Amino acid sequence: MAIAPFAELERSPEHVHTYRLTPLGLWNARAAGHDAESVVDSLIKYSRYPVPHALLVDVAETMDRYGRLQLINDPSHGLVLRGLDKIVLIEVAKSKKLAGMLGARIDDETITVHASERGRLKQALLKLGWPAEDLAGYVDGEAHAISLAEDGWKLRSYQQEAVDGFWAGGSGVVVLPCGAGKTLVGAAAMAVASATTLILVTNTVAGRQWKRELVARTSLTEDEIGEYSGERKEIRPVTIATYQVLTSRRGGAFTHLDLFGARDWGLVIYDEVHLLPAPIFRFTADLQARRRLGLTATLVREDGREGDVFSLIGPKRYDAPWKDIEAQGWIAPAECIEVRVTLTDAERMTYAVTEAEERYRVAATARTKLPVIRALVEKHPDEQVLVIGAYIDQLHQLGEFLDAPVLQGSTTNKERERLFDAFRSGELRTLVISKVGNFSIDLPEAAVAIQVSGTFGSRQEEAQRLGRVLRPKADGRQAHFYTVVSRDTIDTEYAAHRQRFLAEQGYAYTIVDADDVLGPPLPKID
DNA sequence: CAGCTGGAAA
DNA sequence: GCATATTCCAGCTG
């Protein structure tokens with residue numbers, strides 16, 4: 001999708017896709033190396049209707065705003081804000097939002113900046129609509145030899161491009177699909193930096209996965225890598241910490257902030273940067289002199305803090321559309337199908353009289369979905385099937401109906417392992433999972449996923465769930481991703497919202513009726 | 001220190 | 001713009 005690098009999909013009924021152009025999207029595209037000309041060309045090429053000239057001008061002008069101000073390191077004055085455009089510099093300098101961040105004016109294109117305000121200044125400038133390009137450089141940090149292992153594997157070309165893009169930009173975000181090897185991009189960035197590294201991850205399982213991967217793919221050994229979590233507090237040349245331990249506090253005060261100063265880190269890696277908790281943004285504002293790499297599959301947040309990712313971690317430095325990676329054979333092709341079921345009159349009545357807060361639950365967990373889901377499972381008798389939902393009650397109904405075990409948050413690790421093993425070996429064909437599937441990365445791969453309910457309209461969740469079936473299949477066959485939704489309810493609306501991100505990536509959802517899945521009704525015998 | 005429980009967060 | 005499930009940390013117990 002040529003539009004995806006700079007625009008967000010708004011609606012995508014049948015053939016016309018409506019995109020929303022946002023300044024941030026355009027600036028991210030600019031930082032990732034797309035110029036205004038290529039954006040304008042794509043707009044003209046793919047637009048359903050002639051593109052208004054004013055819009056094209058607006059696109060070009062907006063993109064041009066990024067970088068008119070630069071943060072640089074002046075040999076005699078230290079950190080300064082430089083205006084390639086003097087007027088813009090004057091305009092922003094008198095803004096109250098910048099009060100206390102700027103120092104003395106050196107000349108008509110240069111103003112000194114308090115070094116401690118580097119991050120907050122970028123945040124403020126972005127909000128003013130004049131995002132600064134940060135060219136002020138980085139401290140090297142404490143050197144630590146790290147190299148990629150050389151035993152019969154190589155970085156894939158897109159991984160190499162991602163590392164190069166990141167390193168050239170200095171700091172920022174790399175966007176790659178689930179299963180495309182983001183950890184290796186991190187490892188390669190560490191090798192380039194060859195410095196002590198702090199890796200921030202969402203949970204301990206992810207942290208251990210990082211450690212395993214680093215030991216396998218780099219020169220690092222077990223004891224050079226520390227785990228800093230609730231369980232252990234190791235600080236080593238490479239330290240993997242959970243976001244939660246850093247954001248935990250006692251009596252309102254953060255208790256583990258020292259970790260940031262515990263070593264002279266040369267690189268900070270933010271895994272799953274789309275999940276970055278609010279306090280981490282604040283700490284990161286003070287880490288602007290350290291190189292920062294953000295990794296994610298979906299640079300969308302439902303809370304609108306993309307701007308903070310842009311200013312504090314850095315702009316998008318690289319992204320590969322999912323379909324490009326698919327074309328290269330690194331992820332399996334997938335067919336996405338939305339199956340619409342018609343509620344029974346009784347269910348429709350219940351829905352109609354339900355309060356707004358409860359409506360999604362009622363629609364998403366309708367019993368009418370059960371036989372449809374079973375028919376979908378039976379449609380793929382030789383495949384491993386994951387049934388994924390958000391409501392525990394519904395999942396247990398399904399477990400019974402499909403005669404399949406249910407894996408949820410309260411399932412013990414021991415039991416999870418047992419189920420995962422059985423599923424991997426093929427002994428167990430169908431597994432029903434709750435939102436644990438959104439987090440646990442050790443979840444086995446499947447060829448078919450059936451989504452029965454979700455977290456309202458989370459695009460991020462949809463992408464994660466599709467990711468579960470994208471590992472390339474041995475014989476190159478395609479994966480299947482089904483979403484079962486209740487017609488004429490809010491379930492359909494949320495489904496449409498969830499699908500946006502993947503639709504941007506070029507995945508086309510086919511909408512079918514539940515009756516097509518169930519087959520013709522049996523003739524009545526009387 | 002293993003296991004349990006409550007609270008917080010996104 | 002919601003309400004749910006999950007996860008992790010920290011504090012307590014024996």
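Residue numbering restarts at 1 for every chain, and letters A, B, ... go by the order of the sequence lines. In this text the structure is predicted, and so the values were computed from the model without any measurement.
Remark: P of C:dT7 and NZ of A:K435 are 11 Å apart, rounded to the nearest angstrom. For the pair A:R208 CZ and C:dC8 P, the interatomic distance rounds to 9 Å; values are reported in whole Å. Put simply, CZ on A:R232 is 12 Å from P on B:dC1, counting in whole angstrom units. Straight-line distance from the CD atom of A:Q464 to the P atom of C:dT6: 15 Å, rounded to whole Å. Atom CG of A:D271 is separated from atom C1' of C:dT7 by 16 Å (rounded to the nearest Å). Distance A:E302 CD to C:dT4 P: 19 Å, rounded to the nearest Å. Computed from coordinates, the A:L276 CG to B:dA9 C1' distance equals 13 Å when rounded to whole Å. In this structure, A:L246 places its CG atom 13 Å from P of B:dA10, rounding to the nearest Å.
Using cut-offs of 30° and 60° on the angle between ring planes, the pair A:H480 and A:H380 is tilted.
Stacking of A:K316 on the aromatic ring of A:F310 is not recorded, the 6.0 Å distance cut-off and the 45° axial limit not both being met.
Ring-centre distance between A:Y318 and A:F166: not below the 6.0 Å cut-off.
Side-chain proximity of A:T455 to the nucleotides C:dA3, B:dA10, C:dA5 is greatest for C:dA3. Among the nucleotides C:dC9, C:dT4, C:dT7, the one closest to the side chain of A:T242 is C:dC9. Closest to the side chain of A:A278, out of B:dA10, C:dT6, C:dA3, is B:dA10. With distances taken from any side-chain atom of A:F456 to the nucleotides C:dT7, C:dC8, C:dA3, the minimum falls on C:dA3. Between C:dT6, C:dT4, C:dT7, one nucleotide has an atom nearer to the side chain of A:I392 than all others, and that is C:dT6. Nearest to the side chain of A:N203, among C:dT7, C:dC9, C:dT4, sits C:dT7. The side chain of A:S248 lies closest to C:dC9, out of C:dT6, C:dC9, C:dC2. Out of B:dA10, C:dC8, C:dT6, the shortest distance to the side chain of A:T204 is found at C:dC8.
Across all strands, A:H256 comes closer than 4.0 Å only to sugar-phosphate atoms, never to a base (heavy-atom distances). Within the 4.0 angstrom heavy-atom criterion, only backbone atoms of the sugar-phosphate kind lie near A:E358; the bases stay farther away. Residue A:T255 is in sugar-phosphate contact alone, with no base atom involved, counting any heavy-atom pair closer than 4.0 Å across all strands shown. At a threshold of 4.0 angstrom between heavy atoms, the contacts of A:A356 with the nucleic acid are absent. Within 4.0 Å of A:S410, counting heavy atoms only, lies no atom of the nucleic acid at all.
Each of A:E222, A:E227, A:E224 was evaluated against A:K211; a single residue qualifies, A:E222, per the salt bridge (Lys or Arg N to Asp or Glu O under 4.0 Å) test.
Residue pairs satisfying the ring pair (Phe, Tyr, Trp, His ring centres under 6.0 Å) criterion with at least one member in residues 389-434 of chain A, sequence neighbours excluded, are absent.
Contact annotation: A:R416 does not reach the phosphate of C:dT6 (side-chain N/O to OP1 or OP2, under 4.0 Å). Regarding contacts with the backbone of B:dA9, a side-chain N or O of A:R249 is found under 4.0 angstrom from either OP1 or OP2.
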*Carefully, step by step, assess A:L55 and A:L21 under the rule side-chain contact (heavy atoms from CB on, under 4.5 Å).*
CA-CA 10 Å; A:L55 175 70; A:L21 288 166; 4.0 Å; yes
